[in-house]
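In what follows, chains carry the letters A, B, and so on, assigned in the order in which the sequence lines appear, proteins first and then strands, with residues in each chain numbered from 1.
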2 protein chains.
Amino acid sequence: MDLDAVRTFVAVAAAGQFQDAAAALSITQQAVSKRIAALERDLEVRLFHRTARGARLTVDGQAFLPHARELLRVAARADASVRPGRRALRVDVHSRRTAAGVLLQEFHRTHPRIELDVVTLLDADVHAATAAVEAGTIDATFHAVPLPERRLPAGIRAARVIDERHEILVGPRHPLAERRAVTPAQLAEHRIWMPGMAAGTEWADYYDELADAFGLTIDLVGPVFGNEALLAEIAESAELATLVGERSRYLWPDSYDLRRIPVRDPAPVYPMSLIWRADNRHPGLGALRTHLKAAREVTPAAKVWLPRWTHRSA
Amino acid sequence: MDLDAVRTFVAVAAAGQFQDAAAALSITQQAVSKRIAALERDLEVRLFHRTARGARLTVDGQAFLPHARELLRVAARADASVRPGRRALRVDVHSRRTAAGVLLQEFHRTHPRIELDVVTLLDADVHAATAAVEAGTIDATFHAVPLPERRLPAGIRAARVIDERHEILVGPRHPLAERRAVTPAQLAEHRIWMPGMAAGTEWADYYDELADAFGLTIDLVGPVFGNEALLAEIAESAELATLVGERSRYLWPDSYDLRRIPVRDPAPVYPMSLIWRADNRHPGLGALRTHLKAAREVTPAAKVWLPRWTHRSA
DNA sequence: GCGAGTCACAACCGTCGGTTGTCGCGTAGG
DNA sequence: CCTACGCGACAACCGACGGTTGTGACTCGC
């Protein structure tokens, strides 16, 4: 199936005759005739009734038309997603399942008109992601911004948009399973398991500092067999717990009886900023910033714990 | 943008290298190279990093990939919608806004996996539609089936699936505007306007018989300026009313203050059947029949009025 | 019956997309 | 360090496809 043929089909359906469609497409009537004939041969079905007054859709043509329109729309979106100059808003998130991803999905739902592409830079820390923003390959990224010892490059802006609190995830046999909330101090006696956190990453640094601050045992090592395996292990265990972002979404089969219990007093918070180029005029970027600003839930300062190394600015 | 190129792009992204993708597509590596190069030239963007070990997606490629997949999915659906042999379930309804259309939409929502095409045969009465079912151009149609004086053709089946009751649509100044319900007899004093009902159609016959039975004045003539104009007229008028199916959906701007008032005791019912070929093995057809059976709301026989000419069978 | 309109068919031709053959280059291994 | 292997790119060739112009068959309306 050829997209040009589909475009021609839609043009003919709209015009009601080959000639006008040909004019609209700036080709000859004969070319239109050939394209339609080729499409009909390809689909093995007749799309138009030819009359002396023009062309009318057959039942098959009628059935095909909305699909053809959809096809062209999707093709236009696909094109817009990468076309330099007016491509879709491209935002980098570390994972779609954590707060930033969830917020982006929400943004997409409330702003269906804004073309949005969510990508994940491979092995990118704040600096690599910021470099990508600077280079223009992405329009924005979500990261915790380190204290301004190392200032952001000129022309780069950042704004705190997510204060992600945490919950522990435990199985039914875990001692804390029935709590409505736990404090960080209460977690000291229990083992917390976060496999797959490579040392040296921002997240590993965060959990290290958190462990230090409250005397926790946070296990960052261990083989990674995927989320499914981790969840199964947690559900079975009477000792293991893992930390998840409050707004993260991990789907698990109903057979796993897992509970999410908020960590409060103080609530450890992973502060994420949106990072973008000051001179980026993409209309979707402004909308995204406005949306994130509105969606931000600020917890009173007294009740949160923040890592020392992060950028404090709003 | 060429669909073959897009298919190739997806294959390369999956394989991680040109050679394997070429093998999977049964073409040479050189052809793959050309197709990708053409796509990149077309989109004015680099999609892959070429290395000595294969090809890795660039950020642009990563952004493009889901759109490319979607494009292929939509193309496959478009193809399936008309491909003889295994095309989508094709159902004819007179209007998408009336009960049959609304039920089909509901069916589509609850059965997203079943490819469904809703078409409207032009100028087709029961017999023309039945002929289309017989010929196989459509899988099913909704119509009131006349009494078996003229029996259905051999191999054609019909089942009553919709008993559509009615409501009158009136503006705020109409004498009946504040009623919670009206009887057909009460309508006798008022003028009912149904423009655009060509004489001789099933619907016109129905309204004729209804008018006779209760001494109503139903005006089937009048110029047709579209639904919008009709609704505007009704909303303004203190005398005009029009009949609509209970489950029909007409959207109007909020500025029109229109009320829908059920007609009951007895409730005139337009009985519609689904008509299909007994030997049609399309899997969606069975699902549709089951769905319609479950959705059917049967009003006690004593409380309904049915036209004499319709097929009484369940 | 004829003219004006429709679409289809035929002939022609350039371009595009496929193939085969070869090269440059980066990585891995001796 | 140098070589051998594997990857993708480039070049030359060729057939097929899609565009054009010219023409024919057909229908409708005056």
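- Within the 3.5 Å criterion, the main-chain N or O of Glu134(A) finds a donor-acceptor partner in the side chain of Arg277(A).
- Rounding to whole angstrom units, CG of residue Asp42(B) and P of dG17(C) are separated by 10 Å.
- Rounded to an integer number of Å, the gap from Ile36(A) CD1 to dC9(C) P is 14 Å.
- Using modelled atom types, one finds no donor on one side chain facing an acceptor on the other under 3.5 Å when comparing Asp79(B) with His67(A).
- Along DNA chain D, the nucleotide nearest to Ala38(A) and the one nearest to Phe18(B) differ in position, and the one closer to the 5' end is contacted by Phe18(B).
- Note on Gln19(A): a base of the nucleic acid sits closer than 4.0 angstrom, heavy atoms only.
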What's touching nucleotides 25-28 of chain D from the protein side, N or O pairs under 3.5 Å?
| unit_1 | atom_1 | unit_2 | atom_2 | d |
| --- | --- | --- | --- | --- |
| dC28(D) | O3' | Arg53(A) | NH1 | 3.1 |

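- If you measure from atom CG of Asp20(A) to atom P of dC7(C), you get 8 Å, rounded to the nearest angstrom.
- Rounded to whole angstrom, the span from the NE2 atom of His49(B) across to the C1' atom of dG26(C) amounts to 16 Å.
- Place Ala55(A) and Asp4(B) on DNA chain C by their nearest nucleotides, and Ala55(A) ends up nearer the 5' end.
- If you take CZ of Arg46(B) and C1' of dA9(D), they are 10 Å apart, rounded to a whole angstrom.
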- Message: Run Arg83(A) and Glu44(B) through salt bridge (charged side-chain N to carboxylate O under 4.0 Å, His left out) and show every step you take.
- Response: CA-CA 7 Å; Arg83(A) 171 86 51 208; Glu44(B) 301 176 45; 3.3 Å; yes
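- In this structure a side-chain-to-backbone donor-acceptor pair under 3.5 Å is missing from Glu115(B) to Ala80(B).
- Using a 4.0 Å cut-off, no side-chain N or O of Arg35(B) falls inside it from OP1 or OP2 of dC16(C).
- In this structure, the CG atom of Asp2(B) is 10 Å from the P atom of dG18(D), given to the nearest Å.
- Listed pair Ser33(B) / dG8(D) fails the phosphate criterion, with no side-chain N or O lying under 4.0 Å from OP1 or OP2.
- Rounded to whole Å, atom P of dA9(D) lies 10 Å from atom CZ of Phe48(B).
- Ring geometry for Phe48(B) versus Phe18(B): interplanar angle over 60°, hence perpendicular rather than tilted (30 to 60°).
- Counting to the nearest Å, the C1' atom of dC17(D) and the CG atom of Leu39(A) are 15 Å from each other.
- Judged by distance alone, with hydrogens and angles left aside, the side-chain atoms of Thr120(A) form a donor-acceptor pair with the main-chain N or O of Val93(A) at under 3.5 Å.
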Close N or O pairs between protein and nucleotides 20-24 of chain D (under 3.5 Å):
| unit_1 | atom_1 | unit_2 | atom_2 | d |
| --- | --- | --- | --- | --- |
| dT20(D) | OP2 | Thr28(A) | N | 3.1 |
| dT20(D) | OP2 | Thr28(A) | OG1 | 2.7 |
| dG22(D) | O6 | Gln30(A) | NE2 | 2.6 |

- For the pair Arg90(A) and Asp60(B), evaluate salt bridge (charged side-chain N to carboxylate O under 4.0 Å, His left out) and give the outcome as yes or no after the intermediate values. CA-CA 9 Å; Arg90(A) 189 177 296 166; Asp60(B) 287 300; 2.7 Å; yes
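- Shown here is Arg50(A), whose CZ atom has more than 12 heavy atoms of other residues, nucleotides or ligands within 6.0 Å.
- When all heavy atoms are compared, the tightest approach of Ala129(A) to Asp92(A) is CB-OD2, 4.0 Å.
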